[in-house]
Amino acid sequence: MIEVLLREWDGETAVIRYDRPTEAWIIIAIHSTRLGPAAGGTRMRHYPEAESALQDALRLAAGMTLKFATSGMPFGGGKAVIAVPPGITQKSRLALLRRYGALIHQLGGLYYTGPDLGTSSADMDIIAETGAPYVFSRTPATGGAGSSGPYTALGVFTGIQIACEHLWQDRALDGRRVLVQGTGSVGAALIDHLRLAGAEVLFSEVEDSAIRHFRDELGFEFVASEAVYTTECDVFAPCALGGVLNASTIPHLKCQAVVGGANNLLAAQGDAERLYANGILYTPDYVVNVGGALAVTGLETQDWTQERAAAEVVQTVQRSLSQVFDLAEKESITTAAAAYH
């Protein structure tokens with residue numbers, strides 16, 4: 001299976017290391033260095049087998065190539081996946097991150113990393129102990145830009161505004177019904193933007209503590225996981241894992257647009273055609289979730305201020321998404337095809 005995945009992948013290099021002390025797999029996928037050194041987040045989670053971790057890394061790295069091409073920043077696409085066994089201790093996890101940092105440093109600038117699912121800015125501080133200077137999004141206390149989540153959320157929020165303007169000739173979100181799937185660093189910040197804009201916010205989450213916070217403390221309507229794809233809304237915003245738009249879920253969607261922060265929302269290429277056939281406006285994920293990658297690299301390599309970074313995120317998403325919609329209509333193609341073009 002690993003041989004098949006690598007043979008069919010159109011990327012450049014995959015670095016695969018087995019971490020014997022923890023029995024974890026470290027996979028760094030370098031998809032493209034055409035525009036600059038590869039960059040992408042470090043995802044840490046348990047996978048059923050190493051092949052699943054590799055497949056995730058390869059797909060995510062390809063998405064980062066498109067994301068940086070959209071942003072205009074001088075980086076190519078890469079991604080790291082650390083597939084950890086269940087029940088790994090905190091002590092073992094920290095030691096693993098330091099060994100992973102040493103591997104990044106050994107690559108000598110071929111790959112730069114930052115946080116992703118399962119890692120944080122605090123983790124980047126640990127990785128940077130052995131991996132500097134190739135680590136983005138360390139905590140502000142150590143000189144980094146901090147979490148990329150709020151900037152990603154800002155881009156997704158801007159994408160929702162542009163999608164509403166395209167569908168209803170009005171960017172205003174007052175009264176628009178938006179369902180946010182996942183309330184992590186991106187989903188939570190997106191909910192805050194939506195609330196301030198007057199949207200009717202619904203959310204879906206699997207963590208009990210998060211459900212209690214957003215439902216019981218903040219008063220937002222909770223949607224159970226099994227009801228997400230059949231709940232009526234104007235905009236569906238998936239901000240958790242990828243692959244949620246597929247042949248099984250798309251026929252049940254009761255939204256007018258999909259604008260999400262998760263990577264690789266489409267499970268397969270044909271899913272863009274399914275959305276199009278069902279009359280659902282799809283905003284390609286790497287066009288609207290570019291904010292984190294754009295802002296952090298600007299803050300840490302271009303000396304941007306936070307105000308400049310936020311403005312660049314808004315302007316980039318507005319410009320890119322408007323071009324995607326215009327080209328899709330002009331050529332009668334899907335928005336996914338227009339974005340790739």
Side-chain angles (χ1 to χ4, degrees), residues 2 5-6 8-17 19 24-47 49-71 73-84 96-97 100-101 103-121 123-124 127-128 131 134-137 147-149 151-152 184-186 239-243 260-267 284-287 289-297 340:
I2 289 177
L5 289 172
L6 291 173
E8 294 180 349
W9 188 49
D10 64 348
E12 296 177 5
T13 304
V15 179
I16 303 174
R17 177 171 294 184
D19 185 69
W25 287 94
I26 299 173
I27 301 167
I28 302 176
I30 309 298
H31 182 261
S32 174
T33 55
R34 181 175 180 180
L35 299 180
T42 295
R43 176 166 293 197
M44 178 181 277
R45 57 171 293 208
H46 171 66
Y47 290 83
E49 65 279 318
E51 290 87 347
S52 297
L54 176 61
Q55 185 175 41
D56 205 17
L58 300 183
R59 288 198 66 195
L60 290 165
M64 288 304 301
T65 295
L66 299 174
K67 187 177 297 188
F68 277 116
T70 297
S71 75
M73 299 301 285
F75 288 92
K79 205 76 170 188
V81 164
I82 304 178
V84 293
L96 170 61
L97 290 176
Y100 165 61
L103 174 58
I104 290 176
H105 192 272
Q106 186 179 356
L107 295 178
L110 179 65
Y111 175 68
Y112 287 71
T113 198
D116 196 83
L117 181 71
T119 60
S120 65
S121 291
D123 290 326
M124 295 306 110
I127 295 169
Y134 311 115
V135 183
F136 290 137
S137 285
S147 174
S148 62
Y151 291 105
T152 302
S185 62
V186 175
C239 295
L241 293 174
N263 292 310
N264 295 334
L265 286 175
L266 302 178
D285 47 72
Y286 59 85
V287 176
N289 70 15
V290 69
L294 174 61
V296 168
T297 52
Y340 188 83

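- Note: Leu241 CG to Asn264 CG = 11.0 Å, rounded to the nearest 0.5 Å.
- Closest non-hydrogen pair, Ala83 versus Tyr47, comes out as CB-CD1, 3.6 Å.
- Ring pair Phe136/Phe75 is perpendicular by interplanar angle, where above 60° counts as perpendicular and below 30° as parallel.
- Of the possible polar contacts, none joining the Tyr111 side chain to the Tyr134 backbone as a donor-acceptor pair under 3.5 Å is found.
- Closest approach of Gly260 and Asn289 over heavy atoms only: O-CB, 4.2 Å.
- Looking at every heavy atom in both residues, Ser147 comes nearest to Ser185 through OG-CB, 4.3 Å.
- Looking at Trp25, its side chain never comes within 3.5 Å of a backbone N or O of Ala53 through a donor-acceptor pair.
- Taken from CD1 in Ile82 to OG1 in Thr119, the straight-line distance is 8.0 Å, to the nearest 0.5 Å.
- The line from CE of Met64 to CG of Asp116 is 8.5 Å long, rounded to the nearest 0.5 Å.
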Determine whether Thr113 and Tyr100 satisfy the following criterion, side chain to side chain contact (heavy atoms under 4.5 Å, CB included), listing intermediate values before the conclusion.
CA-CA 11 Å; Thr113 198; Tyr100 165 61; 3.5 Å; yes

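- Atoms CG and CD1, from Leu103 and Ile28 in turn, are 4.0 Å apart once rounded to the nearest 0.5 Å.
- With a 4.5 Å cut-off on side-chain heavy atoms, Thr13 and Thr33 do not count as touching.
- Considering all non-hydrogen atoms of both residues, Ala262 and Asp285 come closest at O-CB, 3.3 Å.
- Without hydrogens or angle criteria, Ser148 side chain to Gly292 main chain gives no donor-acceptor distance under 3.5 Å.
- Once rounded to the nearest 0.5 Å, the distance linking CG of Leu294 with OG1 of Thr70 reads 10.0 Å.
- Here the straight-line distance linking atom CG of Asp56 with atom NZ of Lys79 works out to 9.0 Å at 0.5 Å rounding.
- Distance alone, capped at 3.5 Å, is enough to place a donor-acceptor pair between the Asp123 side chain and the Ser120 backbone.
- Shortest non-hydrogen contact noted between Ala39 and Phe68 is O-CE1, 3.4 Å.
- A distance-only check finds no donor-acceptor pair linking the side chain of His31 to the backbone of Gly78 [under 3.5 Å].
- Minimum interatomic distance between Ala57 and Ile27 (heavy atoms only, all atoms of both residues): CB-CG2, 3.8 Å.
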